[in-house]
Chemist: 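The structure is given below, and queries will be raised subsequently.
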Amino acid sequence: MIKIYHNNRCSKSRCGLEILENSGKEFEIVKYLDDTLSAKALKEIISLLKIKPIDLVRKNEAIWKENYKGKTLTDAEVINAMAKHPKLIERPIVINGKKAVIGRPPELILDII
C-alpha cells in the first residue's frame, strides 16, 4: 500500500496528494502533524529514503533556527528533534513498498508509484 505523509497546509504536499489521487491507485494518508511519528518510525522512513537524517529536516523552520541551527548534532539527536517537532519534517514523503521519495518537486512521486 502506498503511503503519503501529508501536511495539507503545504502546497507541495497538496500537489503530491493530487498526483496520487490521479494515479487511480489506493493509498493511505498519514497526517504526521496530528499523528506524530516516533523516532523509530522516522529511522525506518530515513532508511527507505536512503538519506541522512539531516536531509529530512526543514532548516528554514523557526524551531530549527531557534533551537538547533549551528549545533553539532548526532543522527539520533536530529531524529529526536523531528519526533519532538514534526513541523521540521520535509514533506510530502511517499512510500511504496521498499521505495520512498520526498516529493520535492512533487513529480518525483511518479518514479515510485
Chemist: Indicate yes or no: at least one non-hydrogen side-chain atom of I19 is less than 4.5 angstrom from one of I113.
Modeler: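 Result yes, sub-4.5 Å side-chain heavy-atom pair found.
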
Chemist: Under the side chain to side chain contact (heavy atoms under 4.5 Å, CB included) criterion, do E90 and C10 qualify, and how do the steps go?
Modeler: CA-CA 10 Å; E90 193 61 82; C10 172; over 6 Å; no

Chemist: Is the backbone of H6 close enough, under 3.5 Å, to the side chain of R91 for a donor and an acceptor to pair up by distance?
Modeler: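 Here the side-chain-to-backbone pair does not exist.
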
Chemist: Shortest non-hydrogen contact from S13 to N7?
Modeler: OG-N, 3.0 Å

Chemist: Between atom CG of D55 and atom CG of L49, what is the distance when rounded to the nearest 0.5 Å?
Modeler: 9.5 Å

Chemist: Between L37 and I51, is there shared hydrophobic-cluster membership here, with clusters defined by ILVMFWY side-chain heavy atoms closer than 4.5 Å?
Modeler: yes

Chemist: Tell me whether V78 is reachable from I93 by hopping between hydrophobic residues (I, L, V, M, F, W, Y) whose side-chain heavy atoms are closer than 4.5 Å.
Modeler: yes

Chemist: Let me see the working for L33 and K87 under side chain to side chain contact (heavy atoms under 4.5 Å, CB included), right down to the final yes or no.
Modeler: CA-CA 7 Å; L33 292 178; K87 281 180 79 173; 4.0 Å; yes

Chemist: As a quick check of understanding, evaluate side chain to side chain contact (heavy atoms under 4.5 Å, CB included) for K65 and K59, giving each step before the final call.
Modeler: CA-CA 7 Å; K65 290 178 180 178; K59 294 168 199 77; over 6 Å; no

Chemist: Run the side chain to side chain contact (heavy atoms under 4.5 Å, CB included) check on I112 and I95 step by step: do they pass?
Modeler: CA-CA 8 Å; I112 68 163; I95 297 176; 5.9 Å; no

Chemist: CE of M82 to OG of S38: how many Å apart, nearest 0.5 Å?
Modeler: 11.5 Å

Chemist: With no hydrogens and no angle check, is any side-chain donor or acceptor of E66 less than 3.5 Å from a backbone partner on I63?
Modeler: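 Checked: no pair found.
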
Chemist: Say you draw a straight line from CD of E28 to CG of L20; how long is it, rounded to the nearest 0.5 Å?
Modeler: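 Going from the CD atom of E28 to the CG atom of L20 covers 12.0 Å.
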
Chemist: Quick check on the hydrophobic clustering: are V30 and V101 connected, directly or via other members, by side-chain heavy-atom contacts under 4.5 Å?
Modeler: no

Chemist: May I have all residue pairs that pass ring pair (Phe, Tyr, Trp, His ring centres under 6.0 Å) and include part of residues 27-67, sequence neighbours excluded?
Modeler: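 For residues 27-67: W64-Y68.
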
Chemist: About how many Å separate CG of N96 and CG of D111, when rounded to the nearest 0.5 Å?
Modeler: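 Result: 11.5 Å between the selected atoms.
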
Chemist: Which pairs count as ring pair (Phe, Tyr, Trp, His ring centres under 6.0 Å) when at least one residue sits in residues 73-113, sequence neighbours excluded?
Modeler: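 Output for this query is empty, none listed.
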
Chemist: Indicate, with yes or no, if L42 and L88 share a hydrophobic cluster defined by side-chain heavy-atom contacts under 4.5 Å among Ile, Leu, Val, Met, Phe, Trp and Tyr.
Modeler: yes

Chemist: What heavy-atom pair brings K71 and N67 nearest, and what distance separates the two atoms?
Modeler: NZ-O, 2.9 Å

Chemist: Working to the nearest 0.5 Å, report the span between NZ of K43 and NZ of K40.
Modeler: 9.5 Å

Chemist: Tell me whether Y5 shares a hydrophobic cluster with I54, the cluster being built from Ile, Leu, Val, Met, Phe, Trp, Tyr side chains joined at under 4.5 Å.
Modeler: yes

Chemist: Which pair of non-hydrogen atoms, one from I109 and one from P92, has the smallest distance, and what is that distance?
Modeler: CD1-CG, 4.3 Å

Chemist: Would you give the length of the straight line joining atom OG of S47 to atom CD of E44, rounded to the nearest 0.5 angstrom?
Modeler: 8.5 Å

